[in-house]
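Heads up: the structure comes next, in structure tokens.
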Amino acid sequence: PMLTVYLGDDWTDEHAFEALAGLAITVRVGAPPTPTSRATYRLNDVARVHQLLASMASIVRPRRDP
């Protein structure tokens, strides 16, 4: 299985957020946009992105081939 995470901080990322709805974890980085973002989640800043990625990395286990 594969987990797709898309993070973006620009209005142009809204196209990807819309296209990936239901297929990936989408995260808007920055202040709440107007109008509301199509991303499922929002992080305030890049420091929060670093925390998220560190947390995700800490629970991932390498795949072992049989």
Side-chain angles (χ1 to χ4, degrees):
M2 180 174 72
L3 172 66
T4 303
V5 180
Y6 186 96
L7 299 102
D9 66 350
D10 189 75
W11 69 268
T12 57
D13 294 306
E14 294 299 325
H15 300 291
F17 296 151
E18 183 176 16
L20 293 170
L23 301 173
I25 295 172
T26 55
V27 183
R28 170 73 182 206
V29 180
T34 305
T36 303
S37 176
R38 291 184 173 103
T40 305
Y41 301 98
R42 187 180 67 79
L43 294 172
N44 287 331
D45 52 40
V46 174
R48 296 287 185 192
V49 172
H50 292 177
Q51 290 174 346
L52 171 65
L53 295 176
S55 294
M56 291 174 72
S58 73
I59 62 171
V60 173
R61 301 287 179 251
R63 188 171 112 180
R64 295 179 187 194
D65 293 327

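In this chain, numbering begins with 1 at the start of the sequence shown.
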For residues [X] and [Y], report the shortest heavy-atom separation together with the two atoms involved.
X: Val27; Y: Phe17; answer: O-CZ, 3.5 Å
X: Asp45; Y: Val29; answer: C-CG1, 3.8 Å
X: Arg28; Y: Asp9; answer: NH2-O, 4.0 Å

Looking at [atom1] of [X] and [atom2] of [Y], how far apart are the two atoms once the value is rounded to the nearest 0.5 Å?
X: Ile25; Y: Tyr41; atom1: CD1; atom2: OH; value: 6.5 Å
X: Ser55; Y: His50; atom1: OG; atom2: NE2; value: 12.5 Å
X: Thr36; Y: Glu14; atom1: OG1; atom2: CD; value: 9.5 Å

Group every Ile, Leu, Val, Met, Phe, Trp and Tyr by side-chain heavy-atom contacts under 4.5 Å, then state whether Leu52 and Leu3 land in the same group.
->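 In one cluster with Leu52: Leu3, yes.
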
If Ile, Leu, Val, Met, Phe, Trp and Tyr residues are connected whenever their side-chain heavy atoms lie under 4.5 Å apart, and connections chain through other members, are Val46 and Leu43 in the same group?
->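 Unlinked, Val46 and Leu43 end up in two clusters.
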
Would you check, one step at a time, whether the test side chain to side chain contact (heavy atoms under 4.5 Å, CB included) holds for Met2 with Thr4?
-> CA-CA 6 Å; Met2 180 174 72; Thr4 303; 3.8 Å; yes

Ignoring hydrogens and geometry, is there a side-chain-to-backbone donor-acceptor pair from Arg42 to Gly30 under 3.5 Å?
->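 Checked: pair present.
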
Identify the residue among Asp13, Thr40, Leu23 that makes a side chain to side chain contact (heavy atoms under 4.5 Å, CB included) with Tyr6.
->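 For Tyr6, the side chain to side chain contact (heavy atoms under 4.5 Å, CB included) test succeeds with only one of Asp13, Thr40, Leu23, which is Asp13.
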
